[in-house]
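Some notes on the structure that comes next.
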Amino acid sequence: MQIDIKYFGQIAEVTQQKEESLEFSGTLVSELLDILYNKYTLLKDKDFQVAQNQELVSIEAKVTGTEIALLPPFAGG
Amino acid sequence: MQIDIKYFGQIAEVTQQKEESLEFSGTLVSELLDILYNKYTLLKDKDFQVAQNQELVSIEAKVTGTEIALLPPFAGG
Amino acid sequence: MTEKKHKNVFQKGAISSEFIGNSIAKHQTKTSIGAHNIFLGQVRADVIDDKTVTAIEYTAYEDMANAKFHEIREAAFDKFELTCMHIYHSLGTVKAGEICLFVFVSSPRRKIVFKALEYIVEAIKADVPVFGKEIFEDESHQWKVNS
Amino acid sequence: MTEKKHKNVFQKGAISSEFIGNSIAKHQTKTSIGAHNIFLGQVRADVIDDKTVTAIEYTAYEDMANAKFHEIREAAFDKFELTCMHIYHSLGTVKAGEICLFVFVSSPRRKIVFKALEYIVEAIKADVPVFGKEIFEDESHQWKVNS
């Protein structure tokens with residue numbers, strides 16, 4: 001399936017883009033991350049959480065095909 | 001000795017003046033209050049604290065001759 | 001007799017929103033500040049026995065009150081790591097909906113301002129000799145008591 | 001894809017003291033209010049390895065952030081007896097000394113506003129996907145992390 005991935009803050013610095021679409025044939029968020037780690041080698045050093053459909057999910061969650069976002073530490077306020 | 005007494009808020013309503021000087025020959029705040037209760041009969045029904053020289057004192061305190069104030073409940077803010 | 005030697009916290013009448021805005025603006029040169037916390041007391045149009053409060057008329061034992069405000073300020077600076085602190089209280093008539101108390105604390109860190117502000121406001125309510133006459137529409141009144 | 005359906009909390013650039021003053025003024029018609037509590041987050045000119053922060057550049061996952069702000073607002077109204085609540089956060093560049101977060105709660109009673117404001121500010125810091133790039137004088141940067 002086609003997955004839209006958004007990158008923010010220091011994660012977008014690593015990926016050098018704010019979003020992209022990827023063709024994904026796996027099941028879990030962790031598998032999607034493996035693809036991204038492979039593509040962006042610096043990503044492994046970064047601290048981030050994953051949101052799916054605007055809710056934080058664990059890497060064991062299933063990818064449902066909705067929007068995925070990689071969120072670095074929050075710094076609001 | 002000559003005592004300056006200040007009245008505030010609803011206490012000043014009862015005494016109908018904001019301050020006065022009284023000749024006082026006693027020792028304790030409670031004795032001074034007895035004089036005032038005698039002079040202002042409605043004062044007994046009122047809730048107030050006594051400050052001497054701008055500090056709250058008990059009615060068992062000695063009158064030192066500095067300023068006495070009768071303070072109704074505080075309502076700041 | 002104690003000399004009036006402390007900063008005067010009292011303002012005649014209501015505290016305006018422009019005054020508060022200006023006070024905030026003045027802190028923008030203090031770049032070690034990370035968090036401000038502001039308390040505003042506003043006069044409520046309480047309904048008591050079918051009559052509505054239209055204003056509070058504030059009086060105070062001013063010298064003692066300013067001394068108490070000073071004590072509260074010193075204690076708060078001792079207890080909390082504050083960059084600055086400002087307190088203003090109205091005297092005279094403040095209409096319902098208008099502001100009668102403005103307390104403003106600033107610190108590098110947010111957790112401190114929350115604790116400090118509550119401490120200061122509670123101390124003001126408990127310890128400062130300010131008196132409030134609640135005026136009703138029909139010009140009758142009752143005396144306010146802090147709870 | 002979730003539709004953008006929540007109130008937009010974000011403002012471009014710093015939050016001005018005039019804006020805050022006006023916001024306070026608008027509450028003077030709400031005469032059931034007795035207490036306001038305002039939190040302001042201000043950008044600190046922190047010195048890190050001899051370099052001074054001159055500004056923070058804020059970005060956010062805006063749709064999710066507005067949804068989170070909405071959740072925080074609903075939870076606060078459930079927990080606390082509030083008359084009103086307003087939250088504004090900056091996006092883009094906010095210079096040191098300028099204000100990037102404005103949270104405003106009002107209630108008939110003061111004890112409630114203290115609890116509510118702290119609850120809301122802590123929830124914003126913890127749960128809202130906002131990102132801050134601290135810009136130094138030499139145009140280098142580091143990424144801010146809430147503590």
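Each chain gets a letter, A, B and so on, in the order the sequences are listed, and its residues count up from 1.
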Practice item. Determine, step by step, whether L71(A) and Y61(D) satisfy the side-chain contact (heavy atoms from CB on, under 4.5 Å) criterion, reporting the C-alpha distance in whole Å, the side-chain angles of both residues, the deciding distance to 0.1 Å, and the verdict. Key: CA-CA 8 Å; L71(A) 306 175; Y61(D) 185 8; 3.6 Å; yes

Practice item. Determine, step by step, whether Q142(D) and Q10(A) satisfy the side-chain contact (heavy atoms from CB on, under 4.5 Å) criterion, reporting the C-alpha distance in whole Å, the side-chain angles of both residues, the deciding distance to 0.1 Å, and the verdict. Key: CA-CA 9 Å; Q142(D) 74 168 22; Q10(A) 55 188 305; over 6 Å; no

**Study point:** Which of A12(A), G76(A), P73(A), P72(A) touches chain D most, by non-hydrogen pairs under 4.5 Å
**Key:** G76(A)

Practice item. Give a yes or no on whether the backbone of Q54(A) and the side-chain of D63(D) come within a donor-acceptor separation of less than 3.5 Å. Key: no

**Study point:** Top of P129(D), A126(D), G41(D), G132(D) for chain A proximity - count of heavy-atom pairs under 4.5 angstrom
**Key:** P129(D)

Review point. Does K133(D) NZ have over 12 foreign heavy atoms under 6.0 Å away?
Key: yes

**Study point:** salt bridge (Lys or Arg N to Asp or Glu O under 4.0 Å) between K68(D) and E55(A), worked out
**Key:** CA-CA 9 Å; K68(D) 287 286 165 197; E55(A) 291 293 339; 3.5 Å; yes

Revision key, fill the gap. From the list W143(D), Y58(D), F131(D), ring-ring contact (aromatic ring centres under 6.0 Å, His included) partner of F8(A) resolves to F131(D)

Point to revise | Steps toward side-chain hydrogen bond (donor to acceptor under 3.5 Å, both in side chains) verdict (H141(D), E13(A)) | key: CA-CA 12 Å; H141(D) 71 267; E13(A) 272 187 341; 2.4 Å; yes

Practice item. Find out whether M64(D) and N53(A) are in side-chain contact, i.e. whether some heavy atom of one side chain is under 4.5 Å from a heavy atom of the other. Key: no

Point to revise | Closest approach of C100(D) to G77(A) (non-hydrogen atoms, all atoms of both residues) | key: SG-C, 3.5 Å

Check your understanding: Between Q49(A) and chain D, which part of the residue has a heavy atom less than 4.5 Å away: side chain, backbone, both or neither?
Key -> neither

